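Sequence positions, counted from 1, serve as the residue numbers for this chain. The structure displayed is predicted, hence computed values, not measured ones. In each ligand, atom 1 is the first atom listed, and ligand 1 is the first ligand listed.
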Amino acid sequence: MAELIPVLTETEIEQNIHVLARRISDDYRNKNLVLIGVLKGAFVFLSDLMRCLTIPVEIEFIRLSSYGISDTSSGRIDIHDNILLDLKDKDVLIVEDIVDTGLTLTTLAEHIKSLQPKSVKICALIDKLERRKTDCKVDYACHTVEGGFLVGYGLDYAEKYRNLPAIYHLKL
Ligand code: 5GP
């Protein structure tokens, strides 16, 4: 039977998001902020984060190939949707659910840079350090963990557990 070990409670997530949103609001004041959410995993995080920001913001989503039902990165990332917003002279903050090897975000950041925004930074719900394979830097992290496979609050395993309001370590 799968075991769910608590990692971050609803209250802790809410508190961390408020702290993060304050930093982002300060850093992007008087800039042209666009949040680009990576589907599907980041939609819960993005929706809470954007409502805590105190500055104007535009929202876009992008869909990438995901892990499927395995718990390790395929290393191959396909970008399925394209960005419809004009990013020229905008300050882009990519909002990702979890950064593991960093392969996904390195590829995505390169793609977004090719659309000529003024700046590109990365915000992640979870910065997972243990298996990092690239020098991809998470500029804003809601929470940092060493390893483990996490679910809940948008994070899935085989499309399940996204609806859990807190974050758990899934042990199969
Ligand atoms: P990376 O390319 O950084 O190795 O992997 C990033 C993607 O892998 C994330 O967007 C997420 O879809 C998936 N992923 C990596 N670690 C986890 C995890 O602990 N839990 C879940 N649910 N997905 C993960």
Thr104 heavy atoms, cut-off 4.0 Å: which ligand 1 atoms fall inside? 1 (P), 2 (O), 5 (O), 6 (C)

At less than 4.0 angstrom from any non-hydrogen atom of Gly148, what atoms of ligand 1 do you find? 19 (O)

Short list, please: which atoms of ligand 1 are under 4.0 Å from a heavy atom of Asp156? 21 (C), 22 (N)

Does any N/O atom on Glu96 come nearer than 3.5 Å to any N/O atom on ligand 1? yes

If I apply the N/O under 3.5 Å rule, does Asp97 come out as touching ligand 1? yes

Strictly under 4.0 Å, does any heavy atom of Phe149 approach an atom of ligand 1? yes

For atom 11 (C) of ligand 1, which of Leu155, Leu105, Ile98 has the closest heavy atom? Ile98

Taking 4.0 angstrom as the limit and counting only heavy atoms of Leu150, give me the atoms of ligand 1 inside it, by number and element. 18 (C), 19 (O), 20 (N), 21 (C), 22 (N)

Using a 3.5 Å distance criterion without hydrogens, assess whether the side chain of His111 forms a donor-acceptor pair with backbone atoms of Thr107. no

Determine whether Ile98 and Leu64 fall in the same hydrophobic cluster, where Ile, Leu, Val, Met, Phe, Trp and Tyr are linked whenever their side-chain heavy atoms lie under 4.5 Å apart. no

List the steps and the verdict of side-chain contact (heavy atoms from CB on, under 4.5 Å) for Val38 and Asp97. CA-CA 7 Å; Val38 184; Asp97 53 359; 6.0 Å; no

Under 3.5 Å, is there a donor-acceptor pair between the side chain of Arg132 and the main chain of Lys128? yes

Do Val120 and Ile24 share a hydrophobic cluster (ILVMFWY, side-chain heavy atoms under 4.5 Å, transitive)? no

I need the atoms of ligand 1 closer than 4.0 Å to a non-hydrogen atom of Thr101, numbered in the order shown. 1 (P), 2 (O), 3 (O), 4 (O)

Is the backbone N or O of Ser25 less than 3.5 Å from a side-chain atom of Thr54, with the two atoms forming a donor-acceptor pair by type? no

For a salt bridge (charged side-chain N to carboxylate O under 4.0 Å, His left out) check, start with the C-alpha distance between Asp139 and Lys137, then their side-chain angles and the critical distance, and finish with the verdict. CA-CA 6 Å; Asp139 301 283; Lys137 179 172 155 263; 2.9 Å; yes

Examine Ile59 and Tyr28 and state if one hydrophobic cluster contains both, with Ile, Leu, Val, Met, Phe, Trp and Tyr joined whenever side-chain heavy atoms are less than 4.5 Å apart. yes

Out of all atoms in ligand 1, which are within 4.0 Å of some heavy atom of Gly102? Include the element for each. 1 (P), 3 (O), 4 (O)

Quick note on ligand 1: atoms under 4.0 Å from a heavy atom of Lys128 include exactly 16 (N), 17 (C), 18 (C), 19 (O)

